[in-house]
Amino acid sequence: MNLTQQIVNAIWLGGVYSLFSLGYALVFSILGILNLAHSAIFMWGAFIGLTVVLRLNVSVWLSIPVAMLGAGIIGVILDAVAFAPLRRRNAPRISQLISSIGASILLVNIAQLIFGTQPQRFPLGSIPAESIEGLPFRITPIQIIILVISIVLMIALQFLIRRTRIGQAMRAVAFNQQVAGLLGINAGQIFQITFFLAGALAGAAGVLFGLAYNSMTPFMGDQVALKGLTVIVLGGLGNIQGAVVGGFVVAGLEVFSIAAGGSNYREAFVFTLLFLMLLFRPQGLVGEAQQNRA
Amino acid sequence: MALLEIHDLHTSYGAIKALRGISFKIEANQVVSLIGANGAGKSTTLNTISGLLKPRQGRIIFDGKNITGWRSDRITGLGLVQVPEGRQIIAPMTVMENLMLGAYRRADREAIDADIESIFKRFKRLDERRHQKAGSMSGGEQQMLAVGRAMMAQPRLLMLDEPSMGLAPLLVNEVFQIIADIKAQGIPILLVEQNARKALQIADYAYVLERGVIVKEGAAKVLAEDAEIISTYLG
Ligand SMILES: Nc1ncnc2c1ncn2[C@@H]1O[C@H](COP(=O)(O)OP(=O)(O)O)[C@@H](O)[C@H]1O
Ligand SMILES: [Mg+2]
């Protein structure tokens, strides 16, 4: 495999990682907590997409918005059940973190009950699998579409945060909840919106990931959970742009470690990076962790 | 009926009783000052009225509505708007964005734009910095932004928590000039200050708070002549 090929692989995979990690970053920027159930929502997004395709016989593309909606709603329910009650009691962040682990286990168990543990696939022929001819590297239409959808969603999120009233309110809540309250912002509602957005992005990433590898199990979240954490540590916790950059860096590292013959160690490479980052640059590659939030 | 009525308000931080049964009222078109030493409970009073703190006991009546225990965003939505101590502008956002946030509850887009421009006209230094991060400005500029932001909410009662704190004398004068302008617009104000001299000059009526209790009240002019007040707060 040549270098161009590696770069191409890293780019489309990076798109999915960034998309997934943005949800971690969003929730972290606003609540200051890691939502460790995020990868379970990712998995649910994939299964909602799959179910819609299998049961309703719609195209895989139409399943993406449905999966985003479904995963977004799961995010809102997660907030209401796992986080909001703790917030009301001013519980320490560690309890919220633990609560999110519990929610994650529950979400995976429910998926096991419903979908079983055998790998499931999108039906043959529903995904265009032939690579495009006449290019110096291998890329399938699905990989291009994955990248395009990821980029469109990331730009949409940036626009929402930077340019809309809701986005400004999100940034105000991220900065200081009490001050936001004095400005007339209902912080609880902003949390719900944030969880919806984070869930929807995870859902989209889940379907895209499912389409890329066409093998889904209730445990597929494990494949991205710690990579996503590495991504946001690279980007600076809670830094939205940082998460986008981090997604491509982690994907690049993974792809090149496979190419270098380290396929079995690719996770080890990623976690070594996470470890080194936490040790030497906990504020992220581009620094200023606190200032750049959201 | 007064615009704001506080009845027997008690607020605690855990075991610390910060307010121990205070009552006062503000009439429409009045500037009322709450003066007191550091730690007297002035900020606690404003934060309880704003809904950031829940009182243990007592009632807060705004415009005839019992708003005790309401969420802070709903209270602001009624037009009971606070400029908190230490300004609390949103540092990583621009001057413009801060002003827009002040109007968060409003939907009259064109009027909002017009109001922002009139604030920029009044505060030239904010105008020059409209796309700059609010946190990069000086203390005085940030205070003007904080007041401008509160004005964007179209307050029916403006509560100011030590707006002159930490500012150089020249800027202190400017801040009080701004308060006088707001008063001239007919907007009622609850002004919390340690700078009692200035506060009593601008206020119609004043209350003196000591360790969570109101120990004195009266027309501002009268209090400014009060021997005890002079020795304690104006000395
Ligand atoms: N967050 C807090 N936790 C505990 N005690 C507090 C807190 N804030 C204020 N207090 C106490 O409550 C009392 C009143 O404080 P405050 O309302 O801030 O006074 P002021 O604004 O008049 O200076 C003081 O004794 C202060 O130490
Ligand atoms: Mg104070």
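Every chain is numbered from 1 and lettered A, B, ... according to where its sequence line falls, protein lines coming before strand lines.
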Task: Part of N176(A) within contact of chain B (heavy atom distance under 4.5 Å) - done: side chain

Open item on the list: I'd like to verify something: which residue of G184(A), G181(A), A172(A) has the highest number of heavy-atom pairs under 4.5 Å with chain B?
Closed with: G184(A)

Task: Spatial distance of atom OG1 (T94(B)) from atom CD (Q168(A)) [nearest 0.5 Å] - done: 7.5 Å

Open item on the list: Tell me whether the count of non-hydrogen atoms from other residues, nucleotides or ligands lying under 6.0 Å of NZ in K54(B) goes above 12.
Closed with: yes

Task: Spacing of L182(A) atom CG and T76(B) atom OG1 [to the nearest 0.5 Å] - done: 5.5 Å

Task: Within 6.0 Å of NZ in K124(B), more than 12 heavy atoms from elsewhere - done: yes

Open item on the list: Does any part of the side chain of R171(A), heavy atoms only, come nearer than 4.5 Å to the side chain of I90(B), both counted from C-beta?
Closed with: no

Open item on the list: If I take atom CG from residue L183(A) and atom CZ from residue R149(B), how far apart are they, to the nearest 0.5 angstrom?
Closed with: 4.5 Å

Task: K25(B) atom NZ, neighbour heavy-atom count above 12 within 6.0 Å - done: no

- [ ] Indicate the atoms forming the closest heavy-atom contact of N186(A) with R71(B), along with that distance.
- [x] ND2-NH2, 3.2 Å

TODO: Mind listing the closest non-hydrogen atom pair of F175(A) and A91(B) along with its distance?
DONE: CZ-N, 3.6 Å

Task: R74(B), part contacting chain A, at a heavy-atom distance under 4.5 Å - done: neither

Task: R165(A) side-chain N/O to Y104(B) backbone N/O, donor-acceptor pair under 3.5 Å - done: yes

Task: Nearest-0.5 Å distance, CD of residue Q189(A) to CG of residue D73(B) - done: 8.5 Å

- [ ] Below 4.5 Å from any heavy atom of chain A, which atoms of I89(B) appear? Answer side chain, backbone, both or neither.
- [x] backbone

